[in-house]
Amino acid sequence: MTPTMPPIREVDQQQRAHLRRRALGGYRYVRLRWRVLFALVDGIGSVFSAAARLLAGLRNGLPPDDPRRILVVQFDHLGDAILTTSIFAPLRKRFPQARIDVLAASWNRAVFDSAAEVDRVIVCARNRFTPGAGLSWIPATIVWGLRLRQHRYDLGIDVRGEFPHNVLLWLSGAARRLGWASGGGGFLLTDNPDYVSDRPELQSRAALLKCLGIDCDDGLRATFRPSAAACERAKAAWSEMGVAGQDTRIVLHVGAGTAAKRWPVEYWRRLVDRLGAEGNVAVALVGTSSDGQTARTILGNAKPPHAVDWTGRFRVDELAAVLQQADVLVGADSGPAHLAAAVQTPAIVLFSGTNSMQQWQPRGKVVHTLRYEVACSPCHRKTCPIAGHPCMRGLRPGHVLDTLKELLGARPPVDSSGNPTVQMLPSATGSNL
């Protein structure tokens with residue numbers, strides 16, 4: 001078969017080194033200046049912290065082994081928040097009398113509102129991840145840390161490994177502070193396990209729990225429980241679309257957190273057209289309101305009768321219900337893929353070369369990851385600096401359609417452990433739609 005796309009040009013060794021990020025010197029930062037800065041900060045801070053801990057230990061004794069007030073900090077993206085839901089059931093089982101609070105952002109609070117084990121969600125409207133916040137998150141972090149002191153937390157947990165979060169935990173006065181030193185500020189913590197680069201995120205969360213005497217040998221699982229009202233709205237939406245009992249419900253998440261993770265719009269359009277030709281399918285396009293133009297371009301002026309634009313229509317809990325009632329999700333490495341895995345809906349993840357696939361691929365009952373092999377991965381870029389964006393253009397619509405047929409057939413692509421199956425598409429792939 002004659003290739004329709006030229007082979008990916010070789011990326012020279014210097015460019016590869018520039019694009020690929022590795023954890024060096026115990027820090028996650030790629031730039032040398034940040035590693036040097038936090039090495040100095042941590043070196044000086046450790047001296048003062050050791051003296052302060054000695055004095056605190058003489059006055060107050062050791063932190064409690066049976067905390068009654070627990071704080072979990074999670075400000076960042078939807079997918080990260082969904083992964084963090086995996087720690088709540090083990091925490092509740094180990095500390096049944098404890099109160100569990102989550103300090104969250106406005107965009108991920110719905111994830112924690114759905115967790116039955118969480119007693120209270122506190123929303124920090126301005127943090128490092130707030131769009132357009134500038135540097136105002138710095139005083140906000142200090143204010144929030146001091147404000148949290150009134151709750152007298154016995155245990156504070158940061159799952160991300162951020163220097164500002166470690167500062168916040170220290171300012172909160174939590175007697176025991178658990179997190180990562182890989183972002184700097186390890187001296188502000190009482191417990192920090194070794195950071196392992198590229199380790200699956202759920203295993204990293206299990207490593208944090210191990211510091212508390214919680215063993216998760218059978219693995220952690222992210223969960224999401226849509227409300228009854230959300231389930232009713234999702235049911236009404238599918239009914240409004242005219243879905244028949246024999247129709248296969250396919251959700252396409254056509255957006256992504258960054259441009260580097262987006263699948264080409266023309267590929268989405270080809271996939272929608274081919275799905276319509278298969279018959280007995282109902283295709284729903286989802287995403288944020290900003291993905292509306294993408295969805296309209298995919299569907300075109302003559303909107304196909306088997307497909308509908310639902311971008312910007314649903315809140316997080318409603319989207320979870322939509323996914324729960326679907327047969328499969330197809331989408332990029334983004335929050336909805338983790339959401340589908342959390343509600344046990346099969347997912348096909350179109351993984352770019354941006355992140356470490358081993359670290360960030362969703363984990364669920366049936367997850368199939370497609371990735372086009374490129375030399376510059378992982379680059380951790382928000383936009384692709386290479387002409388043609390090869391890591392996403394190499395994932396052809398035909399590959400996705402074939403995987404859909406396999407997944408929805410008698411032989412779902414999942415191994416016996418429930419881990420995602422991965423199909424690495426070679427760089428010399430020929431035409432496939």
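Start at 1 with the first residue, then count along the sequence.
- Side-chain contact between Phe112 and Val123 is absent, with no heavy-atom pair separated by less than 4.5 Å.
- Taking every heavy atom of both residues into account, Arg363 and Ala341 meet most closely at O-CB, 3.5 Å.
- Remark: the backbone N or O of Ser352 is paired with a side-chain donor or acceptor of Arg371 at under 3.5 angstrom.
- For the atom pair Trp310 CH2 and Leu285 CG, the distance stands at 10.5 Å (nearest 0.5 Å).
- Judged purely by atom type and a 3.5 angstrom limit, Trp263 uses its side chain to pair as donor or acceptor with the backbone of Leu395.
- Between the NE2 atom of His165 and the CD atom of Gln74 there is a distance of 8.5 Å, given to the nearest 0.5 Å.
- Remark: Leu168 CG to Asn166 CG distance equals 9.5 Å, nearest 0.5 Å.
- Closest approach of Val243 to Ala282, counting heavy atoms only: CG2-CB, 3.7 Å.
- Heavy atoms of other residues, nucleotides or ligands lying less than 6.0 angstrom from CH2 of Trp170 number 12 at most.
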Taking it one step at a time, do Val286 and Asp291 satisfy side-chain contact (heavy atoms from CB on, under 4.5 Å)?
-> CA-CA 8 Å; Val286 301; Asp291 296 318; over 6 Å; no
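- Residues Pro390 and Tyr372 approach most closely at O-CD2, 3.2 Å, considering heavy atoms.
- Looking only at distances, no side-chain donor or acceptor of Thr85 sits under 3.5 Å from a matching main-chain atom of Ala81.
- The two atoms that bring Asp309 and Arg296 nearest to each other are OD2-CG, 4.2 Å, heavy atoms only.
- Put simply, the side chain of Gln325 gets close to the backbone of Lys235: a donor and an acceptor are under 3.5 Å apart.
- Residue Thr297 comes nearest to Arg269 through the heavy atom pair O-NH2, 2.8 Å, listed as atom of the first residue, atom of the second, then distance.
- With hydrogens and angles ignored, the 3.5 Å screen pairs no side-chain donor or acceptor of Trp107 with any backbone N or O of His77.
- Between Arg315 and Glu318 there is a salt bridge, since a side-chain N of the basic residue sits under 4.0 Å from a carboxylate O of the acidic one.
- Between Arg69 and Asp119, no side-chain nitrogen of the basic residue sits less than 4.0 Å from a carboxylate oxygen of the acidic one, so the salt-bridge criterion is not met.
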Would Thr190 and Arg177 satisfy side chain to side chain donor-acceptor pair (under 3.5 Å), going step by step from the backbone distance to the final call?
-> CA-CA 5 Å; Thr190 60; Arg177 301 176 297 280; 5.7 Å; no
Report the C-alpha distance between Arg221 and Ser86 in whole Å, list the side-chain angles of each, state the deciding distance to 0.1 Å, and finish with yes or no for side-chain contact (heavy atoms from CB on, under 4.5 Å).
-> CA-CA 5 Å; Arg221 294 288 181 269; Ser86 63; 5.7 Å; no
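- Taking each heavy atom of Leu329 and Leu323 in turn, the nearest pair found is CD1-CD2, 3.8 Å.
- Remark: side-chain polar atoms of Gln361 are not paired, donor with acceptor, to backbone N or O of Thr369 under 3.5 angstrom.
- To the nearest 0.5 Å, the span separating CZ on Phe163 from OG1 on Thr141 amounts to 10.5 Å.
- Taking CG of Asn108 as the start and CG of Asp113 as the end, the distance is 9.5 Å to the nearest 0.5 Å.
- Ring pair Trp137/Trp144: centre-to-centre distance not below 6.0 Å.
- Thr223 contributes no side-chain N or O that, together with a main-chain N or O of Ala342, makes up a donor-acceptor pair within less than 3.5 Å.
- A salt bridge links Glu240 with Arg313; the closest basic N to acidic carboxylate O contact falls under 4.0 Å.
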Applying side-chain contact (heavy atoms from CB on, under 4.5 Å), run through Phe75 and Thr130 and close with a yes or a no.
-> CA-CA 9 Å; Phe75 290 144; Thr130 303; over 6 Å; no
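- Looking at Val400 and Tyr267, their side chains never come closer than 4.5 Å, going by heavy atoms from C-beta outward.
- Judged purely by atom type and a 3.5 angstrom limit, His151 has no side-chain atom pairing as donor or acceptor with the backbone of Ala174.
- Salt bridge Arg68/Asp154: absent, no basic N to carboxylate O contact under 4.0 Å.
- With respect to the salt-bridge test (charged N to carboxylate O, under 4.0 angstrom), the residues Asp191 and Arg176 qualify.
- In this structure, the side chain of Ser334 does not engage the main chain of Pro336 through any donor-acceptor pair within 3.5 Å.
- Taking the six-membered ring for Trp and the full ring otherwise, the centers of His338 and Phe224 sit at least 6.0 Å from each other.
- A salt bridge links Glu266 to Arg393: at least one charged side-chain nitrogen sits closer than 4.0 Å to a carboxylate oxygen.
- Residues Leu91 and Ile214 are in side-chain contact: their nearest non-hydrogen atoms beyond the backbone lie under 4.5 Å apart.
- Of the residues listed (Arg92, Lys93, Arg225, Arg94), the one engaging Glu117 in a salt bridge (Lys or Arg N to Asp or Glu O under 4.0 Å) is Arg225, and it is the only one.
- Remark: the backbone N or O of Leu169 is paired with a side-chain donor or acceptor of Ser172 at under 3.5 angstrom.
- The side chain to side chain contact (heavy atoms under 4.5 Å, CB included) test with Pro304 singles out one residue from Leu275, Val283, Ile298, Val272, and that residue is Val272.
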Would you sort out whether Thr311 and Val254 count as a side-chain contact (heavy atoms from CB on, under 4.5 Å), showing the intermediate values?
-> CA-CA 9 Å; Thr311 56; Val254 298; 4.3 Å; yes
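- Rounding to the nearest 0.5 Å gives a distance of 13.0 Å between CG of Leu103 and CD1 of Ile157.
- The side-chain tip of Arg249 points at the ring of Trp238 from less than 6.0 angstrom away and within 45° of straight on.
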